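One structure below.
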Amino acid sequence: MGNKQTTFTEEQLEAHNWQEGLAPHLVPLDYTNNPDIKVPMALIVTMPELKENPFRDRIVETFSEDGQGNMSFNDFVDMFSALCETAPRELKTIYAFKIYDFNRDNFICKEDLQKTLNKLTKGELTPEEVTLVCDKAIEEADLDADSKLSFSDFENMISKAPDFLSNFHVRI
Amino acid sequence: MPPKRRNNDIIDVENVGMDVDAEPDSDSEEEARRKSRNRRSKLQRKAKQVSEDEDEEDEDEAPRRRGRRKLTKTDDDDDDEDETPQRRGRRKLTKTDDDDDDEDETPQRRGRRKLTKTDDDDEDETPQRRRRRKTTKPQDIDEDDEREKRKAAARKGSKASRKKVSKEQSDDESEEDKGRGKKSGRAVSKKEKEDQNNDKKGNKKGKDEENKDKENKNKTTSSSFSSPPSPADSDEESLSEGEIAALKEQVEEKKKLIATLRNKPWRMKKRLLLLKEAQDFVEKFEGALGKGKGRRLYAFKVMMTKKLIKFNRDFENFKTACIPWERKIKEVESHFGSSVASYFLFLRWMYGLNLVLFGFMFGLVVLPEVLMGLPYGSIPRKTVPRDEQATAMDFSVLFDFGGYCKYSVLFYGFYNNDRSIGVLQFKLPLSYLLTSVGIFGYSLLVVIRTMARNANEGGDGGDEGEFIFSWKMFTSWDYLIGNPETADNKYASITTSFKESIVDEQENQKDENIHLRRFLRVFANFLILCSLGGSGYLIYFVVKRSQDFAKMDPKTLTWFENNEVEFVMSLLGLVCPPLFETIAELEDYHPRIALKWQLARIFALFLGNLYTFLFALFDEVNGKLEAEKSIKNATEWALHQYYANYSSFYNTTNVPPPNVAPADVIRGPCWETAVGREFVKLTVSDVQVTFLTILVGDFLRAFIVRFLNYCWCWDLEAGFPSYGEFDISGNVLGLVFNQGMIWMGAFYAPGLVGLNVLRLLTSMYYQSWAVMACNVPHERVFKASRSNNFYMGMLLLVLFLSLLPVVYSMMTLSPSFDCGPFSGQEKMYDVVIDTIQAMPAFIGNIFTYVSNPGLIMPAILLMILAIYYLNTVSKAYQQANTDLKKKMQMARDDEKNRRNNQDSTNQVMKDLEDLLPNKSLAPTPVAEEKPLDIVIDKTRTTRTKPGTAGKGVEVQKEESLSAPNPRRPVTRGPGPRGGPPGNMRSPQPEPGRGRGQGRR
């Protein structure tokens, strides 16, 4: 038990500090009754770890329990434990899929891809190029020919990606 | 199966966080366990087995089964009471691979049993179970529902079918079994406590191998939490050794859970709950067991692993930080694409190479001469001649590397011909020769090694990966980035890399009139050959004329006639590259290939340049050699006269050497120094031209375009001057030819290498600044080939070309008589022969033997044979490689097809299938459940080794995608079977047939 657990709490504490730092007015002094505090997305995305990330809104939405981006403390810790370095690939894959699934239909369809691409390139590609890239991406990864990526397609593709693990984490 | 399977996936993803407890996997796990248990206890408990099995799985749900469970359990426990020891023993053998859940419970159960022997065990157990149910219920509600459904389906299926399912995993299991067998075998011979430990560990290990331990632990956690500490607590004092061990086990288990809790895809609420329980448990029992040592050790271990991770990370960072200019290049790459970055990488590589060469030259030649040789002014060759002394310090002279520069350590002539110098008896002339040759040898070695390594890295550009765009899309953003600047760079680099891939892709898709294209390409090549030939003739003509001019009196010639060669050269160098580029438009190659063509063509042009320069140089040298001869004769004659006069005047044979100041001694032209100066001047002027071009052509242009744009009649930025593009081909060739100059010149001017290091260093900073500040990316950003082998190949060619003149001069020309380390010798390589002769006789013998033609010829023959053989082998490998690649591609296509076919793409086929007579609905659900799990597992495990290539891929596919197939023949006629293999061979079966086979 012991140490690992302590670090866990440390992390929690740290995270808590952030939360407090982000939204001091929202955090009560008394935590004994486990009050249900939620920090809105607008505050969470200003964190240094997220503020440059093109998918920050999606990340926050994904990890928040209500899907709107309002995060409770638990969601917050959740987020960082999924994004931390030691989280297993399967876990990361699941969350990555959810992050990239913009419209939450459990498929990554062309619109999702377009959104992803535009976020990644800050919209610097021409519409034709975007279409080409999206078509190619789907053609590559779509194994069941429904012209959208299901989770298994995504997992299959991601599991072969060389730098998914190294890129899909934050350091606290 | 596919529709169902997809549903399942959906459920999984939907419930992320809530209950993606690796459900499907754990299910298969269960299956495996069930089966093994079946096998093992067949003899003893055949009757009980079914119900018990199911009970244990259904623990979480199915309150309605509790009744039955009670029955079986009591049975079980009665057994226990009768023969506890034996049973325990048996347990070890049989249960080791049972549900961990069971394992965890046993010790407590046992402990309790001891005390309350007469009690019915179930009385104790049920509350716990109930409690567990209570605790897990809130989180697992969905899961339970799902499971229940599945269980219902499973129950329907006959036992036979279930067995079949599990047979599917026989390979997994055999592995597992092996591990277990071994462990349990060992276990029997040992004490009980150790047994349990071992078993447990073995069990764990075996599962680890299968990549399943996560699921396993999952299971453990959800079930073992419940084991209640309360009763055991009070019975503490009566615990036996075995029970303590068991408790330890459990505690370990909990600790493990606590350690790995982070890795579970649960919502934090659930995690906290589980964590709390586990902690309570551990605390209680650790106290009970009086532990503390293990805890500290564990803490230490954890701390160490953390430290290690941190250290590794820091070390990696440090390593990256040690690579010079990595960030600069990355920055350039992110804005200009890999093609421009490839130039900078090449530049950096060149810098490294030159640094080593400089190290050799400086350490073995320059430094010894400076430290141990005679100082400046001691002998004629180290002194500026009297008539030059007045201007020796003038800047114009120094800038021309005359004056003091000429008589310095920079040039060949400064070095003395003493056989050995200093206290160390350093053989400087020998060192000079060997270092000069060694520089070539080392460069050759490095270039070839780099080429070989790059070739290994493979691929002429273009990722061979299957998921170029998807990977770029989903894995290219680095979530670590928190710095706005870095983020901007990353955006730029991602955009650039997308553009690169798009260009590649568009190139692939292009299919136009191939005949027109071919014609145009041939035509373009014809044009370029014409212009190359023309320029070659022009150079030849000009050089010829210049030789004629050289014979005339220089005063009668005009300035143009004097500098005709240089003028024509630079004109060609200015006009031809853009001309080639224009012509290359006709060809319409992919920019990467176009760059190569362009490089090759300009290279051919520049070669003419280089060789004209060399011929002019050798003419000069020959003239100098003749002049030297006469001066040498004159000097000798003067000396002779002096001796004769001295001896006749003083009538003595003991003549002191003439007392002349070293500055006044008559000396020869020292052609080596002249050649060296020529090279140094050339290098320096090259640097000047390059830097000025950048300053004017890029910086000034960009400056004007940028700031005059506000007050100009047309749009300067988009219109005519615009910003410059980075000229990759010109820069690379400049670098390559510059290096050729260095290689040639290093022999005559040892300081040239140092100069070149400086040049590369400055140009690295200067150019990377210039490119970022004043250039715009190419219109079509293209991906450079990952290996710089084309550059390297050119470098190799230049190396050979520059090797020739140097070796020629070493071997055939005689060195100057009064300057340089080889003065006084007939040929330069005489130093080596002298050294060999000075060595012990047997070494001289060895050299004689080695240089014997009788030995050399067979050696060469052998080498040729070896080259031939290796070449053949490499070709064979290449062939095999392409075959395997093809196979993989086919397998992939096939995989796709298969999935497509299995899917309900064709409604007609589906209906047809439904109409098939033999189809019984009952077993299908079972079949449908299991394959999914298998699929996920298998693909995950096999996927990781692409090295197994063709066969591996096919096998994997067989398992993963046609998993349901083996089960089918039971319910259906054998008629359509055999489809899939055929299907597999053909990458693209016609739609109807393919679908039919896939669905069957």
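Computed from a predicted structure; not experimentally measured. In what follows, chains are A, B, ... by sequence order, proteins preceding strands, each numbered from 1.
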Does any backbone or side-chain atom of B:S476 lie under 4.5 Å from a heavy atom of chain A? Answer side chain, backbone, both or neither. both

Measure distances from B:F498 to the heavy atoms of chain A and classify the residue's part below 4.5 Å as side chain, backbone, both or neither. side chain

Max heavy-atom pairs within cutoff under 4.5 Å with chain B, candidates A:E139, A:K51, A:R104, goes to A:E139

One option among A:A161, A:A141, A:C134 has the most heavy-atom pairs under 4.5 Å with chain B, and it is A:A161

Name the orientation class of the two ring planes belonging to A:Y100 and A:F154 (parallel below 30°, tilted from 30 to 60°, perpendicular beyond 60°). tilted

At a 4.5 Å cut-off on heavy atoms, which part of [X] comes close to chain B: side chain, backbone, both, or neither?
{"X": "A:L132", "result": "side chain"}
{"X": "A:L113", "result": "both"}
{"X": "A:A96", "result": "neither"}
{"X": "A:I59", "result": "side chain"}
{"X": "A:F168", "result": "both"}
{"X": "A:F63", "result": "backbone"}
{"X": "A:L117", "result": "both"}
{"X": "A:L50", "result": "neither"}

Nearest heavy-atom pair of B:T475 and A:N167: which atoms, and what distance? O-ND2, 2.7 Å

I would like to know whether A:D135 and A:K110 meet salt bridge (Lys or Arg N to Asp or Glu O under 4.0 Å); could you show each step before the answer? CA-CA 8 Å; A:D135 287 348; A:K110 263 189 194 158; 2.9 Å; yes

Without hydrogens or angle criteria, can the side chains of B:S470 and A:E140 be said to hold a donor-acceptor pair below 3.5 Å? yes

Less than 4.0 Å between a side-chain N and a carboxylate O, is that true for [Y] and [X]?
{"X": "A:E52", "Y": "B:K490", "result": "no"}
{"X": "A:R58", "Y": "A:E61", "result": "yes"}
{"X": "B:D314", "Y": "B:K310", "result": "yes"}

Can you run down the side-chain hydrogen bond (donor to acceptor under 3.5 Å, both in side chains) pairs that involve residues 111-122 of chain A, sequence neighbours left out, and say none if there aren't any? A:K122-B:D488

